[in-house]
J.: 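Shown below is the structure under consideration.
Because the structure is a prediction, the values reported are computed rather than measured.
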Amino acid sequence: ERNQADVSEAKSGRTDLIFLIRFRHCCLLRNQRCLLAYLYDRLLRIRALRWEYGSVLPNTIQFHMSAEEVEWFNRYKKSLATYMRSVGGEEGLDLTQDLKPPKSLYIEVRCLRDHGEFEIDDGTTILLKKNSQHFLPRWKCEQLIRQGVLEHVLS
């Protein structure tokens with residue numbers, strides 16, 4: 001507002017204000033660039049949360065997000081799901097399955113909390129109870145590991 005007032009005065013003949021006007025304008029542009037860089041960094045972090053936690057964010061993380069950020073996360077989640085369904089035939093392709101290349105197809109996991117029944121592709125149903133250990137296909141339990149239901153047991 002002060003810059004606009006000084007611009008009006010400079011137009012009427014006060015040339016000594018031009019340097020002050022330019023300085024303030026450069027400061028405003030710098031602040032705008034910093035704010036946009038901050039918002040873009042938050043956007044990249046929110047996008048990474050989808051890959052790390054899956055389609056449902058924990059309440060502790062969602063609590064620290066604005067309504068617009070939650071809305072953007074939901075739109076990104078839907079867009080990614082649509083893309084994954086369009087690739088890989090009938091069932092689609094889950095791109096979030098293996099974030100790092102697996103060393104083995106099966107892993108030993110320990111259940112950290114009661115989760116209920118869990119079905120594997122061959123139709124076997126496993127009851128995931130707290131402190132129980134199972135030998136499961138990596139791709140079936142990787143999402144539960146990220147959500148904190150299971151933990152990978154390293155021998």
Side-chain angles (χ1 to χ4, degrees), residues 1-4 7 21-155:
E1 292 173 352
R2 287 186 66 185
N3 239 19
Q4 289 176 347
V7 166
I21 293 169
R22 284 187 181 168
F23 176 73
R24 282 191 197 134
H25 186 69
C26 288
C27 291
L28 289 172
L29 290 177
R30 179 198 172 276
N31 290 347
Q32 182 182 30
R33 283 192 312 272
C34 291
L35 182 63
L36 288 174
Y38 170 76
L39 291 174
Y40 183 68
D41 183 61
R42 270 191 78 88
L43 183 92
L44 292 179
R45 289 172 190 247
I46 293 169
R47 185 175 68 182
L49 289 174
R50 168 58 181 95
W51 291 87
E52 184 178 342
Y53 288 101
S55 59
V56 179
L57 288 177
N59 289 334
T60 56
I61 292 176
Q62 203 167 4
F63 175 75
H64 295 288
M65 294 170 59
S66 69
E68 292 81 10
E69 290 172 334
V70 172
E71 180 184 339
W72 188 90
F73 176 82
N74 289 330
R75 283 197 321 246
Y76 180 72
K77 174 178 67 174
K78 289 176 186 174
S79 176
L80 183 62
T82 302
Y83 177 73
M84 289 190 299
R85 276 193 305 274
S86 72
V87 179
E90 290 179 16
E91 296 177 15
L93 178 65
D94 187 5
L95 298 173
T96 63
Q97 178 177 315
D98 290 319
L99 297 179
K100 296 178 185 171
K103 293 182 181 176
S104 64
L105 296 178
Y106 286 82
I107 60 171
E108 189 174 356
V109 292
R110 179 182 302 120
C111 193
L112 298 175
R113 61 178 184 224
D114 290 338
H115 183 70
E117 293 186 347
F118 182 69
E119 188 174 339
I120 303 176
D121 282 346
D122 62 0
T124 307
T125 304
I126 298 171
L127 183 61
L128 296 176
K129 293 179 71 175
K130 187 173 182 176
N131 295 326
S132 62
Q133 287 193 212
H134 307 280
F135 197 65
L136 299 173
R138 174 185 295 274
W139 69 276
K140 284 296 277 185
C141 58
E142 200 165 84
Q143 191 77 20
L144 292 174
I145 291 172
R146 278 188 252 140
Q147 291 174 359
V149 175
L150 299 174
E151 91 175 320
H152 186 185
V153 177
L154 301 171
S155 302

J.: Would you call Asp114 and Lys130 a side-chain contact if the rule is heavy atoms closer than 4.5 Å?
T.: yes
J.: Kindly check if the number of other-residue, nucleotide or ligand heavy atoms within 6.0 Å of CD (Glu119) is above 12?
T.: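 For Glu119, atom CD is crowded (more than 12 foreign heavy atoms under 6.0 Å).
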J.: Is atom NE2 of His25 surrounded by more than 12 heavy atoms (other residues, nucleotides or ligands) closer than 6.0 Å?
T.: no
J.: Distance from Lys140 atom NZ to Leu105 atom CG, nearest 0.5 Å?
T.: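 One finds 14.5 Å between NZ of Lys140 and CG of Leu105.
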J.: For Ser66 and Glu69, which heavy atoms make the closest approach, and how far apart are they?
T.: N-OE1, 2.9 Å
J.: At their closest point, which heavy atom of Cys111 faces which heavy atom of Lys129, and how far apart are they?
T.: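 Looking at all heavy atoms of both residues, the shortest contact is CB-O, 3.0 Å.
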J.: Does a side-chain heavy-atom distance below 4.5 Å link Val87 with Leu95?
T.: no
J.: Mind checking the CD-CG spacing from Gln133 to Leu128? Nearest 0.5 Å is all I need.
T.: 12.5 Å
J.: To the nearest 0.5 Å, how far apart are OG in Ser55 and OH in Tyr76?
T.: 12.5 Å
J.: side-chain contact (heavy atoms from CB on, under 4.5 Å) for Cys27 and Phe23? Distances and angles first, verdict last.
T.: CA-CA 6 Å; Cys27 291; Phe23 176 73; 3.7 Å; yes
J.: Just by distance, do the side chain of Asp41 and the backbone of Ala37 share a donor-acceptor pair under 3.5 Å?
T.: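 Checking the backbone N and O of Ala37 against the side chain of Asp41, no donor-acceptor pair under 3.5 Å is found.
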J.: So, the side chain of Arg42 versus the backbone of Met65: is there a donor-acceptor pair under 3.5 Å, distance only?
T.: no
J.: Checking side-chain contact (heavy atoms from CB on, under 4.5 Å) between Phe118 and each of Leu136, Val149, Thr125, Leu127, which is the one that passes?
T.: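 Answer after filtering Leu136, Val149, Thr125, Leu127: Leu136.
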J.: Identify the heavy atoms of Leu57 and Gln62 that sit nearest to each other, and give their distance.
T.: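 Looking at all heavy atoms of both residues, the shortest contact is O-OE1, 3.9 Å.
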J.: Quick one: does Gln147's side chain get under 4.5 Å of Leu144's, heavy atoms only?
T.: yes
J.: Hey, could you give me the CZ/NZ distance between Arg50 and Lys77, rounded to the nearest 0.5 Å?
T.: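 Between atom CZ of Arg50 and atom NZ of Lys77 there are 8.0 Å.
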J.: Taking atom OG of Ser79 and atom CG of Asn74, what is their separation to the nearest 0.5 Å?
T.: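 Reported value, rounded in 0.5 Å steps: 12.5 Å.
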J.: Report yes if some heavy atom in the side chain of Arg75 is under 4.5 Å from a heavy atom in the side chain of Trp72; otherwise report no.
T.: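 A side-chain contact exists here, since the closest heavy-atom pair is under 4.5 Å.
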J.: Could you grab the distance from atom CZ of Arg113 to atom CG of Asn131, nearest 0.5 Å is fine?
T.: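 Between atom CZ of Arg113 and atom CG of Asn131 there are 13.5 Å.
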J.: Over all heavy atoms of both residues, which pair between Arg146 and Tyr53 is shortest? Give the atoms and the distance, please.
T.: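 Closest pair (atom of Arg146, atom of Tyr53, distance): O-CD2, 3.8 Å.
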J.: Taking all non-hydrogen atoms of both residues into account, name the closest pair between Val109 and Leu150 and its distance.
T.: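 Distance-wise, the nearest heavy atoms are CG2-CD1, 4.0 Å.
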J.: I'd like to know whether Arg85 forms a side-chain contact (heavy atoms from CB on, under 4.5 Å) with Thr82, so could you lay out the CA-CA distance, the side-chain angles of the two residues, the decisive distance to 0.1 Å, and finally the verdict.
T.: CA-CA 5 Å; Arg85 276 193 305 274; Thr82 302; 3.5 Å; yes
J.: Could you tell me whether the side chain of Asn31 reaches within less than 4.5 Å of the side chain of Leu35, counting heavy atoms only?
T.: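 The answer is no; the side chains never approach within 4.5 Å.
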